[in-house]
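The sequence lines fix the lettering, A, B, ..., with proteins before strands; numbering per chain opens at 1.
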Amino acid sequence: MLLFLILFYCIFIINRGFFVVGKKVLVTSALPYVNNVPHLGNLIGSVLSADAFARFMRVDGREVLFVLGTDEHGTTAEFKAMEEKLTPRELVDKYFLIHKNIYDWFQTSYDCLGRTSSKENAQITQHIFKKLYDNGYITEHSITQLYSEPSKKFLSDRFVEGECPYCHASGARGDQCDACGKLLDPSELIKPISKLDGSTPVLKETKHLYIDLPKIQPDLVEWFSESKSKWSNIAVSVTEQWLKQGLKERCITRDLEWGVKIPLEGWENKVFYSWFDAPIGYIGITIENRSDWKDWWMSEDVSLYQFMGKDNVPFHSIMFPAFLIGTKEGYKLVDYLASTDYLNYEDKKFSKSKNIGVFGDDAKDTGIASDVWRYYLFRVRPESGDTQFEWNDFQSKVNNELVGNFGNFVNRVVAQNEKFFSSVAPKSNHELLEKAGPLVEEYKSLFYSARIRDALSKANEISSLGNKYLQEKQPWIEVKTNPSGAALTIANCLELAKLLAVIYYPFTPTACEKIFGILGEKESIIKVGVSGAFEGIEEGRVITPKGILFEKIEDKRIVELKQKFG
RNA sequence: AGCGGGGUAGAGCAGCCUGGAGUGCUCGUCGGGCUCAUAACCCGAAGGUCGGAGGUUCAAAUCCUCUCCCCGCUACCA
């Protein structure tokens, strides 16, 4: 039977070649913008999704490189630094640490962690720009823009305030009026004032560099039509929309000091627009961490999976591929673009400015385990339409599914093995593993399509199988009349617990490692992997009970949390 | 305004692309079982004219047209 399983497994590897072409899997998470603390919606959309995916690929025997980092350039960072009376460098250093702590607390298993403000990223950004320039994909245009005489600087829209031309509220920003919500052009503002120095800015002509997307579009379209079959629906529809409208030249420079310098004479006072160097940051961060970066970014053996929220799609499906295609250097382009919709907070949008929702650092302070947060976030991952974070739902899913189904199954099996068989594993016949086999195949194929939420539901089904099996066999009764029959049941359940530890590993890694500890596994979960879990547990192995895996969330706690977070 | 996503049992969803008996999941409700386990687990029942109206078809939740609601986004906040 074991041979049969292995054969089945091999056939499956061949079949799923549709999704994975290369031997190596490169995974990126959208780089969160540093000057804010990420909220739960940001986390599940990119960082956590990429993490679960990377973990799954590792337990399924793939060689994985998971790239994560922070996006640190741009107007907002420079502006925020001014507000906090810091230099941009000091500001991003401060926030980088906040981000890193959050990712670490959520058990993000990144292989490379880096920053778009590194010297490596500046170099590769300049290199890619030069190639685009040499290949004729860069153009130059003049525009009129607000300029501050005293500071001798052009002002990007956030640096200007004035009276709204529509509702006449004061304090409207150059890009938008907060009072009436209208989008503005800075030149429309009545009585504009520079936020740098309080002077009245004047309109002045200046030059900017543009990337000639229309010229790259044919190559881009060709690539897109081959690749899109593997993308999430929302990613395809957003991209098609952009292509249908026809791409326009896009400005890639800004009048700022904080950013990557432009490697051309006469451009010393401008930097690249942060959306130029941000996606290139995936490569920059890899270079920052790995000397073998070309084996990942310039190799045909690699499959690239990119995770992000839906707002980020055009930058990954149009901009970044266009930059790379334009270099003609053969960089790896995205194979699977996995985007999510939004996670809302109790029917509202998460909002830092309005203080709505739970943020990365809050989760830690609740005292609820990282695994538990991860479980719920994956459980409501917005894979098809927006979803809600709700405290009542959080409690019910955690208590009923994570604790009641998975946690309780492992606990009751280990407890019975201790009580009836002195914590020594009896001999099994792999019956339960065989039953789980087809479900595990479904689980894997869901993961290969980046349907992480559905893969988790499938894992719950497998765990449920264990509880049903126990109920049917009733070893606690059989042990009195036919101990060897009960022993067989328990042995089979112990094997399922081992399998569960592997398949839940992408979601709740700490608990899964604990199960391996309880079961006395010598190797790591990754080393054993999904296929290894089907080898079962040999007779006579000593099992070591170590208490429950997850705590229930009490009603009282939920009431407190609801109150605390409004 | 334009674009996008939704409207499926009391609640939340999946199913729609590739039509085939309203099929399924989680919670809630009701009834039963079990007592190894974190009052857990297992079984069963009730409950829906699939937002509305037309159309295509032997057959529509699914495809097409129109219509009524909800929600997001609109590209120098990245």
Any N/O pairs under 3.5 Å between the protein and nucleotides 26-30 of chain B? List them or say none.
residue	atom	partner	partner atom	Å
B/U26	O2'	A/Glu401	OE2	3.2

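Comparing the same atom, P, in B/G44 and in B/C17 gives a spacing of 30 Å after rounding to whole Å. Look at the C1' atom in both B/U62 and B/C16: the space between them is 4 Å, to the nearest Å. Annotation: B/C13 and B/U8 have their P atoms spaced 9 Å apart (nearest Å). Using P as the reference atom, B/G28 and B/C66 are 43 Å apart when rounded to the nearest Å. Nucleotides B/C43 and B/C34 have their P atoms positioned 15 Å apart, rounded to a whole Å.
Counting only residues at least two apart or on different chains, the salt bridge (charged side-chain N to carboxylate O under 4.0 Å, His left out) pairs with a member in residues 451-465 of chain A are A/Glu442-A/Lys458, A/Arg451-A/Asp454, A/Lys458-A/Glu461. Applying the side chain to side chain donor-acceptor pair (under 3.5 Å) test to every pair with at least one member in residues 476-490 of chain A, sequence neighbours left out, gives these pairs: A/Glu478-A/Asn482, A/Asn482-A/Ser484.
The interatomic distance linking A/Arg453 (CZ) with B/C13 (C1') rounds to 7 Å, in whole Å. The distance from atom CZ of A/Phe378 to atom P of B/C13 is 20 Å, rounded to the nearest whole Å. One interatomic measurement links the two molecules: OH of A/Tyr345 to C1' of B/G72, which rounds to 20 Å at whole-angstrom precision. We find that CZ of A/Phe406 is positioned 16 Å from P of B/U38, with the value rounded to whole Å.
Ring-centre distance between A/His316 and A/Tyr282: below the 6.0 Å cut-off. The aromatic ring centres of A/His99 and A/Tyr95 sit 6.0 Å or more apart. Residues A/Tyr376 and A/Phe389 bring their aromatic ring centres within 6.0 Å.
A/Asn460 comes within 4.0 angstrom of nothing in the nucleic acid, heavy atoms only. Residue A/Lys458 is classed as having no contact, given no heavy-atom separation below 4.0 Å to the nucleic acid.
A heavy atom closer than 4.0 Å to some atom of RNA chain B occurs in no member of residues 483-495 of chain A.
Contact annotation: A/Arg451 side-chain N/O to B/A14 OP1/OP2 distance is not under 4.0 Å. OP1 or OP2 of B/C77 lies within a sub-4.0 Å distance of a side-chain N or O belonging to A/Tyr273.
Comparing B/U35, B/C13, B/C36 by their nearest atom to the side chain of A/Gln388 picks out B/C13. Comparing B/U38, B/C36, B/G72 against the side chain of A/Trp476 picks out B/C36 as the nearest.
Taking A/Lys248 as the reference, nothing meets the side chain to side chain contact (heavy atoms under 4.5 Å, CB included) condition, with sequence neighbours excluded. Residues passing the side chain to side chain contact (heavy atoms under 4.5 Å, CB included) test with A/Phe507 are A/Phe378, A/Tyr443, A/Phe447, A/Ile452, A/Ala455, A/Leu456, A/Tyr504, sequence neighbours excluded.
With salt bridges taken as basic N to acidic carboxylate O contacts below 4.0 Å, none links A/Lys514 and A/Asp371.
Nearest-nucleotide positions on RNA chain B for A/Phe550 and A/Tyr342 put A/Phe550 closer to the 5' end. Position along RNA chain B of the nearest nucleotide to A/Trp275 versus A/Met319 favours A/Met319 as the more 5'-ward residue.
With rounding to the nearest 0.5 angstrom, the CG atom of A/Leu496 is 9.0 Å from the CG atom of A/Leu470.
Aromatic ring pairs are classed by plane angle as parallel below 30°, tilted from 30° to 60° and perpendicular above 60°; the pair A/Trp258 and A/His73 is perpendicular.
No hydrogens or angles were tested; on distance alone, nothing pairs the side chain of A/Gln471 with the base of B/C42 as donor and acceptor under 3.5 Å.
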